[in-house]
Amino acid sequence: MTFSGHRLVQFQKKVYDYYSLHRRKMPWREILSPYSIFISEVMLQQTQVERVISKYKVFLHVFPSFKSLAAAPLRDILSLWSGLGYNRRAVWLHRSAKIIVNKYQGKLPADQATLQMLPGIGPHTAGSIIAFAYNKPVVFIETNIRSALLHDFYKNKDNVHDKELMSLIEITLDKDNPRTWYWALMDYGSYIKKKFSNPSRRSKHHIQQKAFHGSNRQLRGRILKNLLQKVKLTKDDLIVLCDVHPSKLQNNLKDLQREGLISRDGDTYSIPQ
DNA sequence: TTCCGGGAAC
DNA sequence: GTTCCCGGAA
């Protein structure tokens with residue numbers, strides 16, 4: 001699909017007009033250090049802004065640098081992560097901090113391809129970090145951007161592929177002010193999602209979440225929560241505390257261990273380091 | 001009580 | 001293609 005230059009310019013104006021009146025204030029828009037941007041973008045993966053804000057503030061206060069984060073016990077990081085969900089991200093974040101300290105002298109690399117080699121950093125997050133921390137005109141997509149473009153350029157289309165949207169992002173990007181442009185575009189997209197039925201449902205990549213109740217995700221969260229409270233627990237303790245069948249618990253303990261979220265010592269489990 | 005939303009790794 | 005969380009809304 002192609003669009004006229006006029007249409008693209010109109011869209012830019014619309015987005016900037018919206019932003020000048022309704023820009024959202026967020027703590028990670030106040031401190032623009034590579035570290036603080038990095039933390040915020042990882043927290044914002046699969047997690048809504050409202051839920052991230054308070055966690056972000058505490059996290060940055062306790063761990064103000066890659067160095068302090070790299071040196072921290074995983075237990076402390078997971079404690080602050082509690083409530084954000086997808087705890088694997090905290091493990092990957094810890095590993096990334098160690099790599100940045102040991103391999104890059106504590107200085108976050110400023111190019112997208114290198115960032116993507118870090119655990120837990122994929123193309124979207126790498127792009128957003130480069131745009132917001134370094135104000136470089138990279139092309140990236142995330143849910144608010146997707147919603148904005150689907151609403152304005154693909155009104156009655158279903159199954160729109162990100163590839164198509166990426167080229168639109170590239171030609172609408174304000175290359176002189178990428179950071180401000182992406183802030184504006186994301187604020188506009190967030191508004192569109194609230195005002196209309198989420199346009200991202202018409203994305204080819206939209207997926208419907210399976211039930212949480214009774215899921216492994218729920219059980220994993222319970223296991224971690226209990227281990228964070230009690231230092232260490234046996235499998236029998238966990239069967240009672242998590243109210244779960246032994247075989248299901250066993251499978252999840254094995255997975256959590258493989259992913260580095262818990263460790264086993266004889267018949268007791270704990271948070272590593 | 002169920003539904004909903006959001007990136008990366010495997 | 002499938003698996004990771006959590007809490008607010010419906």
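This one's a predicted model, so the numbers in the text were calculated from it and none came from an experiment.
- OP1 or OP2 of dA8(B) lies within a sub-4.0 Å distance of a side-chain N or O belonging to His124(A).
- Between Thr143(A) and dG6(B), a side-chain N or O to OP1/OP2 separation shorter than 4.0 Å is present.
- The distance between atom OH of Tyr86(A) and atom C1' of dC5(C), rounded to the nearest whole Å, is 5 Å.
- One can place CD1 of Ile145(A) at 10 Å from P of dG7(B), the figure rounded to the nearest angstrom.
- Annotation: His245(A), atom NE2; neighbour count of heavy atoms from other residues, nucleotides and ligands within 6.0 Å does not exceed 12.
- Regarding Gln209(A), its CD atom lies at a distance of 12 Å from the P atom of dC6(C), rounded to whole Å.
- We find that CG of Asn198(A) is positioned 9 Å from C1' of dC4(B), with the value rounded to whole Å.
- The ring of Trp181(A) has its center closer than 6.0 angstrom to the ring center of Tyr16(A).
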What does the list of N/O pairs under 3.5 Å between the protein and nucleotides 8-10 of chain C look like, with a distance for each?
none

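- Just one of Glu142(A), Glu41(A), Gln45(A) meets the side chain to side chain donor-acceptor pair (under 3.5 Å) condition when paired with Thr125(A); it is Gln45(A).
- Aromatic pair Tyr35(A)/Phe63(A): centroids not less than 6.0 angstrom apart.
- Contact annotation: Arg88(A) side-chain N/O to dT3(C) OP1/OP2 distance is not under 4.0 Å.
- Listed nucleotides dG5(B), dC6(C), dC5(C) differ in distance to Arg220(A); the shortest reach to its side chain belongs to dC5(C).
- Between the CG atom of Leu118(A) and the P atom of dA8(B) there is a distance of 12 Å, rounded to whole Å.
- Counting any heavy atom pair closer than 4.0 Å across all strands shown, Gln46(A) reaches a base atom.
- Among the protein residues, Arg222(A) comes within range of no part of the nucleic acid, since none of its heavy atoms lies under 4.0 Å from any strand.
- Under 4.0 Å is where a charged nitrogen must lie from a carboxylate oxygen, and between Glu164(A) and Lys157(A) no such pair does.
- Side-chain atoms of Arg51(A) come within 3.5 Å of backbone atoms of Gly83(A) as a donor-acceptor pair (strictly under, hydrogens ignored).
- In the set dC5(C), dG7(B), dA9(B), the nucleotide with an atom closest to the side chain of Glu142(A) is dG7(B).
- At a threshold of 4.0 angstrom between heavy atoms, the contacts of Glu50(A) with the nucleic acid are absent.
- Side-chain nitrogen and oxygen atoms of Thr125(A) include at least one within less than 4.0 Å of the OP1 or OP2 phosphate oxygen of dA8(B).
- Within 4.0 Å (heavy atoms only), Ile141(A) reaches no atom of the nucleic acid at all.
- A donor-acceptor distance shorter than 3.5 angstrom exists from the side chain of Arg264(A) to the backbone of Gly266(A), with no hydrogens or angles considered.
- Closest to the Lys225(A) side chain, of the nucleotides dG7(B), dG6(B), dC6(C), is dC6(C).
- For the OP1/OP2 pair of dG6(B) and a distance below 4.0 Å, the side-chain nitrogens and oxygens of Lys193(A) include at least one atom meeting the criterion.
- Between Gln208(A) and the phosphate of dC3(B), there is no side-chain N or O to OP1/OP2 separation shorter than 4.0 Å.
- Comparing dC5(C), dC4(B), dT3(C) against the side chain of Ile207(A) picks out dT3(C) as the nearest.
- Taking 4.0 angstrom as the limit, Asn216(A) places none of its side-chain polar atoms (N or O) nearer than this to OP1 or OP2 of dT2(C).
- Protein atom CG of Leu261(A) is 18 Å distant from nucleotide atom P of dT3(C), rounded to whole Å.
- Partner Asp162(A) forms a side chain to side chain donor-acceptor pair (under 3.5 Å) with one of Lys204(A), Arg146(A), His124(A) and no other, that one being Arg146(A).
- Between Asn252(A) and Gln48(A), the residue whose closest nucleotide on DNA chain C is further toward the 5' end is Asn252(A).
- When rounded to the nearest whole Å, the span between CG of Leu256(A) and C1' of dC5(C) equals 12 Å.
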